[in-house]
Amino acid sequence: MIPKKVTNYLDQLKVKYKPVLHKTVYTAYDAAATMKAKLNEIPKVLHVLADKKRHIIVVVPASYQVDFAKLKKALNAKKVELASEKVMEKMFKVKAGAMTAFGGMYKGTEVLVDRTFARAKRVIAGAGTYTDSLEMKTKDFLKASGGKMGVYGKRRK
């Protein structure tokens with residue numbers, strides 16, 4: 001079931017979405033395979049730490065990996081690393097693999113969204129559980145993510 005916090009947030013923004021129920025998935029790649037969606041329509045949501053104190057949500061397509069060199073430059077940081085699952089769970093009160101791309105829900109957190117999403121017609125984003133996603137138009141997804149667009153990822157090899 002989609003958490004109330006997520007639907008309330010999207011309803012406040014007047015974002016249209018369609019719930020999508022699917023089998024349990026833990027990765028964006030598995031979500032794409034399960035829903036027979038294109039990899040560039042599924043956001044991979046990562047929690048990174050810049051200089052050990054800035055918490056940032058980075059959103060790249062499932063077919064991408066985060067480009068830490070580009071991220072370091074974009075954040076003007078000395079060191080950028082993935083946060084541990086323990087830190088993420090404590091900071092955002094979510095289970096690992098169930099974080100949403102709707103960064104505006106997490107007050108005071110920077111959100112960076114890879115601009116490759118601008119080319120997708122739709123986005124199917126995780127809704128904060130392992131079995132629920134939300135399908136929406138790309139422009140609505142970008143509005144809900146509250147993120148700063150840029151180049152933060154690179155294609156997986």
Side-chain angles (χ1 to χ4, degrees), residues 2-3 5-6 9-10 15 17-50 54-75 77 80-106 109-157:
I2 298 169
K5 181 180 174 184
V6 175
Y9 172 74
L10 295 174
V15 166
Y17 55 87
K18 186 175 96 186
V20 180
L21 190 65
H22 50 77
K23 75 175 191 172
T24 303
V25 293
Y26 299 103
T27 68
Y29 197 86
D30 290 345
T34 298
M35 294 182 276
K36 297 186 181 8
K38 293 177 185 156
L39 290 171
N40 72 337
E41 296 174 336
I42 306 286
K44 180 193 298 185
V45 184
L46 300 158
H47 173 206
V48 300
L49 281 173
R54 282 168 66 197
H55 294 270
I56 295 124
I57 294 172
V58 182
V59 184
V60 297
S63 55
Y64 276 52
Q65 59 192 36
V66 171
D67 185 326
F68 285 96
K70 287 177 185 166
L71 212 51
K72 229 160 88 169
K73 198 173 173 183
L75 294 167
V80 176
E81 60 191 335
L82 274 180
S84 71
E85 289 182 355
K86 200 181 255 177
V87 168
M88 186 199 73
E89 288 174 358
K90 189 178 171 193
M91 174 79 187
F92 299 111
K93 312 280 185 268
V94 295
K95 289 186 172 108
M99 194 146 145
T100 75
F102 310 126
M105 288 178 19
Y106 310 109
T109 304
E110 294 173 73
V111 182
L112 303 176
V113 179
D114 197 273
R115 72 168 176 223
T116 41
F117 280 110
R119 293 195 293 259
K121 284 185 174 65
R122 67 175 185 161
V123 174
I124 306 172
T129 73
Y130 298 119
T131 55
D132 296 284
S133 292
L134 298 165
E135 183 180 332
M136 59 187 66
K137 287 183 177 152
T138 302
K139 69 176 176 62
D140 288 333
F141 168 73
L142 295 173
K143 179 181 176 181
S145 76
K148 184 175 147 203
M149 297 282 279
V151 179
Y152 308 114
K154 59 187 175 190
R155 278 201 179 279
R156 279 173 41 176
K157 290 179 175 79

Surrounding [atom1] of [X] (heavy atoms of other residues, nucleotides or ligands, distance under 6.0 Å), is the total greater than 12?
{"X": "Gln65", "atom1": "CD", "value": "yes"}
{"X": "Lys38", "atom1": "NZ", "value": "no"}
{"X": "Lys143", "atom1": "NZ", "value": "yes"}

Dump the intermediate steps for side chain to side chain contact (heavy atoms under 4.5 Å, CB included) on Val59 and Phe141, then the final yes or no.
CA-CA 11 Å; Val59 184; Phe141 168 73; 4.0 Å; yes

Please lay out, stage by stage, how Phe102 and Val111 fare under the test side chain to side chain contact (heavy atoms under 4.5 Å, CB included).
CA-CA 9 Å; Phe102 310 126; Val111 182; over 6 Å; no

Identify the heavy atoms of [X] and [Y] that sit nearest to each other, and give their distance.
{"X": "Val48", "Y": "Val58", "result": "CG2-CG2, 3.7 Å"}
{"X": "Pro3", "Y": "Ala127", "result": "CD-O, 3.1 Å"}
{"X": "Pro43", "Y": "Ala28", "result": "O-CB, 3.7 Å"}

Nearest 0.5 Å, please: how far is [atom2] in [Y] from [atom1] in [X]?
{"X": "Leu10", "Y": "Leu134", "atom1": "CG", "atom2": "CG", "value": "6.0 Å"}
{"X": "Ile42", "Y": "Phe117", "atom1": "CD1", "atom2": "CZ", "value": "8.5 Å"}
{"X": "Lys44", "Y": "Asp114", "atom1": "NZ", "atom2": "CG", "value": "11.0 Å"}
{"X": "Lys154", "Y": "Arg156", "atom1": "NZ", "atom2": "CZ", "value": "13.0 Å"}
{"X": "Leu112", "Y": "Tyr152", "atom1": "CG", "atom2": "OH", "value": "4.5 Å"}
{"X": "Asn40", "Y": "Arg122", "atom1": "CG", "atom2": "CZ", "value": "10.0 Å"}

A side-chain contact here means heavy atoms from C-beta on lying under 4.5 Å apart; do [X] and [Y] qualify?
{"X": "Asp132", "Y": "Val20", "answer": "no"}
{"X": "Val151", "Y": "Arg115", "answer": "yes"}
{"X": "Val113", "Y": "Leu142", "answer": "yes"}
{"X": "Phe68", "Y": "Leu82", "answer": "yes"}

When the ring planes of Tyr106 and Phe92 are compared, do they come out parallel, tilted or perpendicular, using 30° and 60° as the limits?
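Perpendicular: the ring planes of Tyr106 and Phe92 meet at over 60°.
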
Identify which one of Glu110, His47, Met88 satisfies the side-chain contact (heavy atoms from CB on, under 4.5 Å) criterion when paired with His55.
His47

Side-chain donor or acceptor of [X] paired with backbone N/O of [Y] under 3.5 Å:
{"X": "Arg54", "Y": "Leu75", "value": "yes"}
{"X": "Lys93", "Y": "Lys90", "value": "yes"}
{"X": "Ser133", "Y": "Ile124", "value": "no"}
{"X": "Thr129", "Y": "Ile2", "value": "no"}
{"X": "Glu89", "Y": "Ala96", "value": "yes"}
{"X": "Lys23", "Y": "Thr34", "value": "no"}
{"X": "Tyr64", "Y": "Leu39", "value": "no"}

Using the side chain to side chain contact (heavy atoms under 4.5 Å, CB included) rule, take Val45 and Ile57 through it: C-alpha gap first, then chi angles, then the decisive distance, then the call.
CA-CA 7 Å; Val45 184; Ile57 294 172; 3.7 Å; yes

Just do the side chain to side chain contact (heavy atoms under 4.5 Å, CB included) check on Met35 and Val25 with the steps written out, would you?
CA-CA 10 Å; Met35 294 182 276; Val25 293; over 6 Å; no

